[in-house]
Amino acid sequence: MARKILCVAEKPAIARAVATHMSGGSFQTHAIRGNQYVKNYEFDFNFGDPWGHCSVTMTSVIGHLTGLDFERQYKGWQSCPPSVLFEAPVNEDVDKDKLPIAENIRNQARYSKALFIWTDCDREGEHIGSEVRNQAKSGNARIEVKRAKFSNTERAHVLRAAREPVDLDEYQANAVSARIELDLRIGAAFTRLQTLQLQAVAAVLKEKVISYGSCQFPTLGFVVDRYLRVQNFKPETFWGIKVMLQREGKKVNFLWKRVHLFDRAVVTMMLERCLAAKEAKVTKVAQKPKSKWRPLPLTTVDLQMMGSRYLRIDSQTIMKVAESLYTKGFISYPRTETDQFDKAIDLKKLVEKQFPDTEWGQYARDLIDGNFRTPRSGRHNDKAHPPIHPVSWVSSSSLNANEKKVYEFVTRRFLACCSDDAKGQSTDIEILYGDETFHANGLLVLERNYLDVYVYDKWESSQQLPKFEYGEKFVPTEANIFEGKTTAPNYLTEPELIGLMDANGIGTDATMAEHISKVKEREYVVVNKRGSGRTSVEELIPTRLGVALVEGYDNVVAGLPNSISLSKPFLRKEMELRMLEVCAGTKTKSEVVQQSLDMYREVFIHTQRRIEMLKAACRKYLVD
DNA sequence: GCAAGGTC
């Protein structure tokens, strides 16, 4: 009998895609008992040396199999002082709803020579792989464990991954395991402490869970930070000089190189020097080709930001819609950090699939007829998934309103990536007037290229400038002072918040939207609609509770050496750096867990000691 | 009743 090999992917969709490629399309599907999503696919495959021709069962998990929790006697909120949660014993158990999946793996492992792990090639995937291995080993202690390394589900790539397996990366799995333990201990300890302490402070807090999380608090912190900047803003008056020339029936406005200054007397004096000089002299006439670059291949964060901005769909809804388009086979996997296409992907074939579309089909045909360009490459590659792109064409009539918008966006973005940059010509004129420099700029768009399909970008010709000669002199038609006021920043919008989270390493592409909805659910943040109709903007504003928590924690650590408030992203960032050290093998999991716990424990002790400050902040905002 | 991370 042929040897048997068990393959396990991170999710059902990957199991199916990999089984399809490995089997050449002919496999048997078996349902498993107790879970409707996970299937076992059976087929034969020749792995080459040393495994040779084998019979294969390809199955999957559904994300993590296990969860970490405190032992039973520490689960009650009154069972121990919250500080004990920094050391209380914890257990890793298979989640209740994952029991049938774990059992399936143990059963299949029993008759298998080897286990091939096909989880995503990222840190979490490595950990999920170790969970799968543990189950397989408990079904068959002698099973050999290998890992398939793949970054997309293109056929040749998958086959090569099957024939050149590597080993699980224990370092990465350990880093995740450290993250899991830290998130649990720190989240539970602070949540219990602040909930139990603050519920008594104000009637409105009585039944509330006031949660703390190393991601949700910095998320709240960003919102509060902007809010306070808006509240504390004091407008300042500024002055500037503008110069205008009428020539060939056109008005040319020259802008001041200094933009504006905050001292009126100085600006007046400078203008007087200009006027005294009478003539301005042209010091630069530059005509140069200018292009507007086509967009980068689409990542999750970009999809969420663009979605909020142009499609007017909040980031969590966007992800749900994208997920459903993915499940139906219309777009690629929507959770990716990669903004570069792998050379192995046949992009032209994907473009051709869009031919039937009534709106952009002709554009796609023009690309294939000679306008196709290889997409730009960004600097990110998660080595797990390609950029988001359409994988098949679907008629808009078979999609609901949001699906249609998201599919259209993903497709237009993809076609834009495969297009040429927009090209134009810019003209820069610089003049010296007295001692001051001014400039005027003109733009002529010559070829729209990608802009024709990517309707979300705007780039338009400005009014054309009349002719200027280098060195020529002229008397400006007008030169005078203008006055203005600095304006307050706006409240934070969701795309801006996602940008901040991304830049500060708060959450992952898959979870940022969840953290935002969590701070709304906890009533730390509310959404306010400014303006109306198509120009309306949704702003994030902290509630009184949200402001109180941030102010309270800022006060708790104020004046302490190395004070790092929980409302800031730094503690989380440091934790992330330590995890990278575990991945590199320079630190062990337990070293990192201890170090990070020490760091948070210090803040915890200060918080307990100065709990009155936290309570006072809540009283200030929540008790009239 | 707590977290964040996978995914359905």
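Only heavy atoms go into these numbers, but all of them, side chains included; no hydrogens, no water, no symmetry mates. From a predicted model like this one, the values you see are computed outputs, not experimental measurements. Just so we're on the same page: letters track the sequence lines, and every chain starts at 1.
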Presence of Tyr74(A) side-chain N/O under 4.0 Å of dC2(B) phosphate oxygens OP1/OP2
no
Phe604(A) has an atom CZ; how far is it from atom C1' of dC2(B), in whole Å?
12 Å
Under 4.0 angstrom between Arg123(A) side-chain N/O and dG6(B) OP1 or OP2
no
So does Arg572(A) get a side-chain nitrogen or oxygen closer than 4.0 Å to the phosphate oxygens (OP1/OP2) of dG5(B)?
yes
Nearest-Å distance, CG (Leu184(A)) to C1' (dG1(B))?
14 Å
With sugar-phosphate meaning primed atoms plus P, OP1 and OP2, does Ile180(A) contact a base, only sugar-phosphate, or nothing at under 4.0 Å between heavy atoms?
base
Is the phosphate of dG1(B), meaning OP1 or OP2, less than 4.0 Å from a side-chain N or O of Arg192(A)?
no
To the nearest Å, give me how far apart CG (Leu205(A)) and C1' (dC2(B)) are.
16 Å
Axial cation check for Tyr333(A) ring with Lys11(A), 6.0 Å and 45° limits:
yes
Using the ring pair (Phe, Tyr, Trp, His ring centres under 6.0 Å) rule, pick out the option among Phe190(A), Tyr524(A), Phe604(A) that qualifies with Tyr212(A).
Phe190(A)
Can you tell me if His515(A) touches the phosphate of dG5(B), counting only side-chain N or O atoms and a distance under 4.0 Å to OP1 or OP2?
yes
Hey, does Thr119(A) reach any base, or is it just sugar-phosphate, or nothing, if we go heavy atoms under 4.0 Å?
nothing
Between Lys146(A), Lys149(A), Arg147(A), Arg133(A), which is the residue that forms a salt bridge (Lys or Arg N to Asp or Glu O under 4.0 Å) with Asp167(A)?
Lys146(A)
Under 4.0 Å: is that the gap between some side-chain N or O of Thr508(A) and OP1 or OP2 of dG6(B)?
yes
Just call it for Arg335(A): base, sugar-phosphate, or nothing, with non-hydrogen atoms closer than 4.0 Å on any strand.
base
Report yes if at least one side-chain N or O of Ser211(A) is closer than 4.0 Å to OP1 or OP2 of dA3(B); otherwise report no.
yes
Between Thr191(A) and Glu514(A), who's closer to the 5' end of DNA chain B by nearest nucleotide?
Thr191(A)
Do you know which two heavy atoms are closest between Arg185(A) and Ala88(A), and how far apart they sit?
NH1-O, 2.8 Å
